[in-house]
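To start, the structure itself, in structure tokens.
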Amino acid sequence: MSSQTIFYKTPKDLPREEWFASGHRLCAGCGAGIAARLIFKAIRGPTVVVNPTGCVEVSTSCYPYTAWKIPYVHVAFENAAAVASGVVEAIKILNKKRGRKLHDVIVFAGDGGTFDIGLQALSGALERGHNLLYICYDNEAYMNTGIQRSGATPIGAATTTSPAGKVIPGKQERKKDLIAIAVAHKIPYAATASISHPLDLVNKVRKALEIEGPKVLHVLAPCVPGWRYPPSETVRIARLAVETRYFPVYEVEYGRVKINIRVKEPKPLEEFLKAQGRFSHLFRPENAHVLEALKKAVEENWERLVKLEESGIAL
Amino acid sequence: MARQAQERIAIMGDEAIALAVKQSNVDVIAAYPITPQTIIVERLSEYVANGELDAAFIQAESEHSALSICVGASLAGARVFTSTASQGLALMHEIVYATSSMRVPMVMAIANRSLNAPLNIHCEHGDVMPERDSGWVHLFATNVQEAYDLTFIAFKLSEHPDVQLPVSVNLDAFILTHSVEPLTPISDEDASKFLPPRQPLYSIDFDSPATFGTMALPDTYMEFKYQLKEAAEKAGQVYPEVAGEYARISGRRYWYFNSYMADDADAVVLVLGSTYGTLKVAARRLREGGLKVGVVGLTMFRPFPEKQLVELLKNAKSLIVMDRAYSYGGLGGPLYMEVLAMLYRNGLRIPVMNVVYGLGGRDFRLDEAEAVLKIALDGARRGRFDEHVRWWGVRA
Ligand SMILES: Cc1ncc(C[n+]2csc(CCOP(=O)(O)OP(=O)(O)O)c2C)c(N)n1
Ligand code: SF4
Ligand SMILES: [Mg+2]
């Protein structure tokens, strides 16, 4: 049985409340900031956010200011899923013992804090089955420390630790499949979303909150200096990521894949890549093989998802 | 209020801690197994599984996460307990500092064990010493009864409105964790009066939202740390009041240290943990022979009870500080270095020697305790020691 999916039909249905306030210190055009603003509009009641170290944390919680109008907890870089587990279980037992008010618990974590250093804590939390929503805002590198490669950086991308060198042209390894990792924990709900498709994003947040147990949402959130494009381009680039099939938007409910945005006629991947500086070296003749490898990775991933959806097999 | 008479039972240190935690109205327990702490969390999970304890028991996937879970749970208003040792504590290190600096109350039992390498599971204080400067309150038990009692005191101290700091209860690996000793528990009723359900000063609440764990730049960071320093010192000031309240329900009075005939002693030996008991027996024997020796076992290592120790030691003619840990490349063991600084800045110019002993669980027997006391006495008579630091019994 599929849960209710549409909570907001048009942008006008979104609540006016801004739980993530303006005046934070994120870069102009920061994709993570757009994600945060939208995501926390979709809360359904008392909510607490747990945010590990990273761009969003340093830019929104600098004492004595805060951009958070809901309770907010930061402890360290690799432990957001664990901190959130403690918050969830404490509120649950205190509710049972002394009637404490229940809260939804949302983790809002970067890709470094999720794919890499925080993966163990995330795996532990998913395995233990806590009722929490883990959202990864993915800008495909460690941005806060100055754009270093992460397990979420795609093949070919140049970062400060996978530079476009003469011998090694950017990152040589493929991006990890976060949703596959999450789904392998047999959780009820995992999905991807892009800030370019806000209604899809907020409906997924809200839908996930209605489901009991651990949920994972993987949100593409372009980064202006990290991806190297003008600040006005963030949403267009996020949309191109979807329209080129670079970032498929899909969900996995109780193991069953459903592609939410069917990209029947994809735009050429080059359109997405050429809009950003981090891929510019891929268009030099000597790096054609890297471009091919990236294209192949994108194609394979899409075909795999289509097959999974058609098969109806529960992962 | 008359306290209820309780029967004496026989119990090992780990189980005594678990019993105290069970009686403490605890809400969330998160931990990860490591010898010799494991029995604590096994018993607690049994209590929860059997419905004897209404708490959430969470076995984390690592100690780093166990402590992180505890931080989240405490910020959400729960009374929280964890326990670890050695490698586990080292893995927690990053979050140990976050816990105290974020002023998160909780109690952690540390079954003091050596740190790799070489791998060794036996008694040493080298695991807790890297956490010395974190702002945690560190209490040391000398026997099983103390480990039990200090657990209650630790919760109360931790949640004291003027303190709001995490507290560790240290008990020696195997020597206390796995030794069966007599214990007189307090009644559940008295325990509940001493520790009613936690009422947090601040906690996660949508209706009055707060931002926990902020970033602070150079213009405010030092003020956060100054408040931590103040709180740690405050813990020392309110400790007698908390211990006094516990004495009223238990009949057992705790102080910054245990001392045996130290007031009028010529030679004093200062130590942490269970070795106090061995030294005490040795000192009693020497006293019977008319030798004026005394022994001090520190209960509170952080905050350091400077004033009270100086008062106690002001008439001593010599001092041996025993360390079951070492600062490699430093002047000696951590307790020794601290005591040297204390004596110097209080104008007490007595000869001091450091005995480093028992690393990795090496036995320290009664005859050896007597020998150390006699060396101390010799130092008192001669007004000097021939060496600063001696690695006791080591094959060099
Ligand atoms: C244990 C630890 N290692 C390294 C760091 C340094 N550090 C802080 S934020 C960060 C990168 C964060 O990357 P990500 O999670 O992708 O978030 P983003 O900054 O990109 O939003 C790093 C490496 C740290 N704070 N803690
Ligand atoms: S560096 Fe990137 S992720 Fe960080 S604030 Fe700027 S745009 Fe956002
Ligand atoms: Mg990132």
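- Residue with the most contacts toward chain B among Asn79(A), Val88(A), Val105(A), Val49(A): Asn79(A) (heavy-atom pairs, distance under 4.5 Å).
- The greatest number of non-hydrogen atom pairs below 4.5 Å with chain A, out of Val28(B), Thr220(B), Ile58(B), Asp54(B), is found for Asp54(B).
- Contacts with chain B were tallied for Gly124(A), Ser61(A), Ala76(A); Ser61(A) has the most, counting heavy-atom pairs under 4.5 Å.
- With a 6.0 Å radius and a threshold of 12 heavy atoms from other residues, nucleotides or ligands, Glu223(B) has its CD atom above the threshold.
- No other option in Asn51(A), Val75(A), Val83(A), Ile91(A) has as many heavy-atom pairs under 4.5 Å with chain B as Val83(A).
- The only member of Val50(A), Val73(A), Val48(A) that meets side chain to side chain contact (heavy atoms under 4.5 Å, CB included) when paired with Phe212(B) is Val73(A).
- Ion pairing of Lys97(A) with Asp27(B) is present here, as a side-chain N (NZ or NE/NH1/NH2) and a carboxylate O approach within less than 4.0 Å.
- Heavy atoms closer than 4.5 Å to chain A are found nowhere in Tyr221(B), neither backbone nor side chain.
- The most heavy-atom pairs under 4.5 Å with chain A, out of Ala98(B), Gly213(B), Ala30(B), come from Gly213(B).
- The most heavy-atom pairs under 4.5 Å with chain B, out of Glu127(A), Lys96(A), His130(A), come from Lys96(A).
- Heavy atoms of other residues, nucleotides or ligands lying less than 6.0 angstrom from NZ of Lys92(A) number 12 at most.
- Taking chain A as the reference chain and counting heavy-atom pairs below 4.5 Å, the highest number among Arg79(B), Met102(B), Arg198(B), Glu94(B) is found for Glu94(B).
- The greatest number of non-hydrogen atom pairs below 4.5 Å with chain B, out of Glu57(A), His74(A), Lys69(A), is found for His74(A).
- Heavy atoms closer than 4.5 Å to chain B are found in the side chain of Ile93(A), but not in its backbone.
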How far apart are the C-alpha atoms of Glu61(B) and Arg128(A), what are their side-chain angles, what is the distance that settles it, and do they pass the side chain to side chain contact (heavy atoms under 4.5 Å, CB included) test?
CA-CA 9 Å; Glu61(B) 83 296 335; Arg128(A) 291 188 300 265; 2.9 Å; yes
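- Interface residue Ile43(A): only side-chain heavy atoms are found under 4.5 Å from chain B.
- Below 4.5 Å, heavy atoms of chain A meet heavy atoms from Ser203(B), Ile204(B), Asp205(B), Phe206(B), Asp207(B), Pro209(B), Ala210(B), Thr211(B), all part of residues 202-211 of chain B.
- Counting heavy-atom pairs under 4.5 Å between each of Tyr63(A), Tyr65(A), Trp68(A) and chain B puts Tyr63(A) at the top.
- The interface of residues 67-77 of chain B with chain A, defined by heavy-atom distances below 4.5 Å, comprises Ser68(B), Ile69(B), Val71(B), Gly72(B), Ala73(B), Leu75(B), Ala76(B), Gly77(B).
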